[in-house]
Amino acid sequence: MKRLMEERYGGDGVALLERWDQLIANESQRPLEERIKQVNQFFNQNLRYTEDLVLWKKSDYWATPLETLGVRAGDCDDYAIAKYITLLRMGIPLENLRLIYVRAQVGGVESKVFQAHMVLGYYPQPNAVPLIMDSLVNTIEPANKRPDLRPVFSFNSEGLWVGNQQAAADPTARLSRWRDLLARVQEEGF
């Protein structure tokens with residue numbers, strides 16, 4: 001991975017990759033809530049929010065953690081994906097993590113404006129209220145304390161959910177960007 005980072009993004013990318021590896025090594029044995037907090041802070045502090053069209057010259061591109069770290073930027077899905085992969089590498093079970101596609105209320109509680117947004121949810125139990133890790137908010141709150149987010153669906157490498165009901169569909173069959181991302185992540189050595 002280090003060689004690939006050096007080839008694509010140079011020494012600056014390698015430096016952040018080493019800090020990421022250090023985060024994973026140092027935090028993996030800490031209590032769960034501390035791991036989640038540290039991962040959320042790491043990405044929210046080290047990346048700048050940048051739209052896909054500006055960064056990748058595509059309207060919607062899901063970047064791998066290596067790409068996101070390499071350019072030190074991404075949009076909401078890139079943050080959520082990087083946090084997801086990081087927590088998996090720290091030993092958090094897959095069944096506790098889901099990427100959540102939401103409609104985010106923009107402009108305050110009275111606003112009628114919503115936009116597509118992605119966050120990462122940690123589910124202590126399958127049907128529990130998840131803790132939300134958001135690229136735009138540094139605090140981690142239970143979903144029921146985030147009235148600005150309206151969930152549409154959630155997914156991980158093993159399933160796709162609408163509400164708390166798991167769909168019969170394979171998420172890699174239904175979500176081509178997810179399938180493509182997982183293949184690229186594997187090629188990069190994750």
A.B. asks: Examine distances only and state if a side-chain atom of S111 and a backbone atom of V106 form a donor-acceptor pair shorter than 3.5 Å.
C.D. replies: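 Yes: the side chain of S111 pairs with the backbone of V106.
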A.B. asks: Quick test of your reading: applying ring-ring contact (aromatic ring centres under 6.0 Å, His included), list the pairs with at least one residue in residues 125-151, sequence neighbours left out, ordered by first then second residue.
C.D. replies: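 Those involving residues 125-151 do not exist here.
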A.B. asks: Would you check if the side chain of D78 reaches a backbone N or O of D75 as a donor-acceptor pair within less than 3.5 Å?
C.D. replies: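 Side chain of D78 to backbone of D75: a pair is present.
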A.B. asks: Give, for atom NZ of K37 and atom CG of L32, the distance between the pair rounded to the nearest 0.5 Å.
C.D. replies: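 CG of L32 is found 13.5 Å from NZ of K37.
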A.B. asks: Could you tell me whether the side chain of R177 and the main chain of W62 form a donor-acceptor pair under 3.5 Å?
C.D. replies: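 Checking the backbone N and O of W62 against the side chain of R177, no donor-acceptor pair under 3.5 Å is found.
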A.B. asks: Under the 3.5 angstrom rule, does the side chain of N46 hit a backbone N or O of F42 as a donor-acceptor pair?
C.D. replies: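 Pair found, side chain donor or acceptor close to backbone of F42.
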A.B. asks: For a 4.5 angstrom cut-off between non-hydrogen side-chain atoms, does Q115 reach R103?
C.D. replies: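 Q115 does not reach R103 side chain to side chain.
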A.B. asks: Mind checking what makes ring-ring contact (aromatic ring centres under 6.0 Å, His included) contact with Y84, not counting sequence neighbours?
C.D. replies: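 Result, ring-ring contact (aromatic ring centres under 6.0 Å, His included) vs Y84: W178.
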A.B. asks: Looking at V102, D134, V119, which hits side chain to side chain contact (heavy atoms under 4.5 Å, CB included) with R146?
C.D. replies: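 Only one of V102, D134, V119 forms a side chain to side chain contact (heavy atoms under 4.5 Å, CB included) with R146, namely D134.
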A.B. asks: Once you round to the nearest 0.5 Å, how far does CE of M1 lie from CD of E188?
C.D. replies: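 Atom-to-atom, M1:CE and E188:CD are 8.5 Å apart.
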A.B. asks: State, yes or no, whether a side-chain contact exists between L120 and I132 at a heavy-atom distance under 4.5 Å.
C.D. replies: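 No, their side chains stay 4.5 Å or more apart.
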A.B. asks: Test: ring-ring contact (aromatic ring centres under 6.0 Å, His included). Region: residues 93-148. Which pairs qualify, not counting sequence neighbours?
C.D. replies: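 For residues 93-148, and leaving out neighbouring residues, the ring-ring contact (aromatic ring centres under 6.0 Å, His included) pairs sorted by first residue read Y101-F153.
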A.B. asks: Same cluster for W161 and I81 if Ile/Leu/Val/Met/Phe/Trp/Tyr side chains link at under 4.5 Å?
C.D. replies: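 No, W161 does not connect to I81 through the hydrophobic network.
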A.B. asks: What about M118 and F43, same hydrophobic cluster or not, with Ile/Leu/Val/Met/Phe/Trp/Tyr joined at side-chain heavy-atom distances under 4.5 Å?
C.D. replies: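 Same hydrophobic cluster.
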A.B. asks: From Q41 CD over to L23 CG, what is the distance, rounded to the nearest 0.5 angstrom?
C.D. replies: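 One gets 10.0 Å once the value is rounded to the nearest 0.5 Å.
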A.B. asks: Under 3.5 Å, is there a donor-acceptor pair between the side chain of R150 and the main chain of A104?
C.D. replies: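 The answer is no, because no donor-acceptor pair under 3.5 Å joins these two groups.
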A.B. asks: Please round to the nearest 0.5 Å and tell me the distance separating atom CG of N127 and atom CD of Q166.
C.D. replies: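 Going from CG on N127 over to CD on Q166, the span is 10.0 Å.
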A.B. asks: Do other residues, nucleotides or ligands put more than 12 heavy atoms under 6.0 Å from E33 CD?
C.D. replies: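 Not more than 12 within 6.0 Å, no.
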A.B. asks: Regarding E18 and Q22, is there a side-chain donor-to-acceptor distance under 3.5 Å anywhere?
C.D. replies: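 No - no donor-acceptor pair under 3.5 Å links their side chains.
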A.B. asks: Is V54 isolated, or which residues cluster with it under the ILVMFWY side-chain rule of less than 4.5 Å, directly or via members?
C.D. replies: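 None; V54 is a cluster of one.
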A.B. asks: Quick one: are M133 and L87 in side-chain contact, heavy atoms under 4.5 Å?
C.D. replies: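 Touching, per the 4.5 Å side-chain cut-off.
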A.B. asks: Could you tell me if the ring centre of W20 sits under 6.0 Å from that of F190?
C.D. replies: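 Ring centres of F190 and W20 closer than 6.0 Å.
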A.B. asks: As an exercise, state the distance from CD of E6 to CG of L4, rounded to the nearest 0.5 Å.
C.D. replies: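 The CG atom of L4 is 10.5 Å from CD of E6, to the nearest 0.5 Å.
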A.B. asks: Do N44 and K83 get their side chains close enough for a donor-acceptor pair, meaning under 3.5 Å?
C.D. replies: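 Side-chain D/A pair, N44 to K83: present.
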A.B. asks: Establish whether L66 and V39 are linked, either directly or via other cluster members, by ILVMFWY side-chain heavy-atom contacts under 4.5 Å.
C.D. replies: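 Result: yes, single cluster for both.
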A.B. asks: Among L88, L94, L99, N96, exactly one meets side chain to side chain contact (heavy atoms under 4.5 Å, CB included) together with N156. Which residue is that?
C.D. replies: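 Of the listed residues L88, L94, L99, N96, the side chain to side chain contact (heavy atoms under 4.5 Å, CB included) partner of N156 is L94.
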A.B. asks: Give the cluster check for V152 versus I100: same hydrophobic cluster or not, with ILVMFWY residues linked at side-chain heavy-atom distances below 4.5 Å.
C.D. replies: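 They do not share one cluster, since no chain of ILVMFWY contacts under 4.5 Å joins V152 to I100.
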A.B. asks: Could you tell me whether a side-chain N or O of R19 sits under 3.5 Å from a main-chain N or O of V14, the two making a donor and an acceptor?
C.D. replies: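 No, the answer is negative, given that no donor and acceptor are paired below the 3.5 Å cut-off.
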A.B. asks: If the condition is side-chain hydrogen bond (donor to acceptor under 3.5 Å, both in side chains), which residues does Y61 pass it with, not counting sequence neighbours?
C.D. replies: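 Only E67, R184 meet the side-chain hydrogen bond (donor to acceptor under 3.5 Å, both in side chains) criterion with Y61.
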A.B. asks: When rounded to the nearest 0.5 angstrom, what distance separates CZ in R3 from CD in E7?
C.D. replies: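 Output value for this atom pair is 4.5 Å.
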A.B. asks: Please write out which residues are connected to V129 in a hydrophobic cluster, directly or through intermediates, given that two of Ile, Leu, Val, Met, Phe, Trp, Tyr count as joined at side-chain heavy-atom separations below 4.5 angstrom.
C.D. replies: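 When side chains under 4.5 Å apart are linked, V129 ends up in no cluster with other residues.
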A.B. asks: Near Q186 CD, under 6.0 Å, is it more than 12 heavy atoms from other residues, nucleotides or ligands?
C.D. replies: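 Incorrect, the count does not exceed 12.
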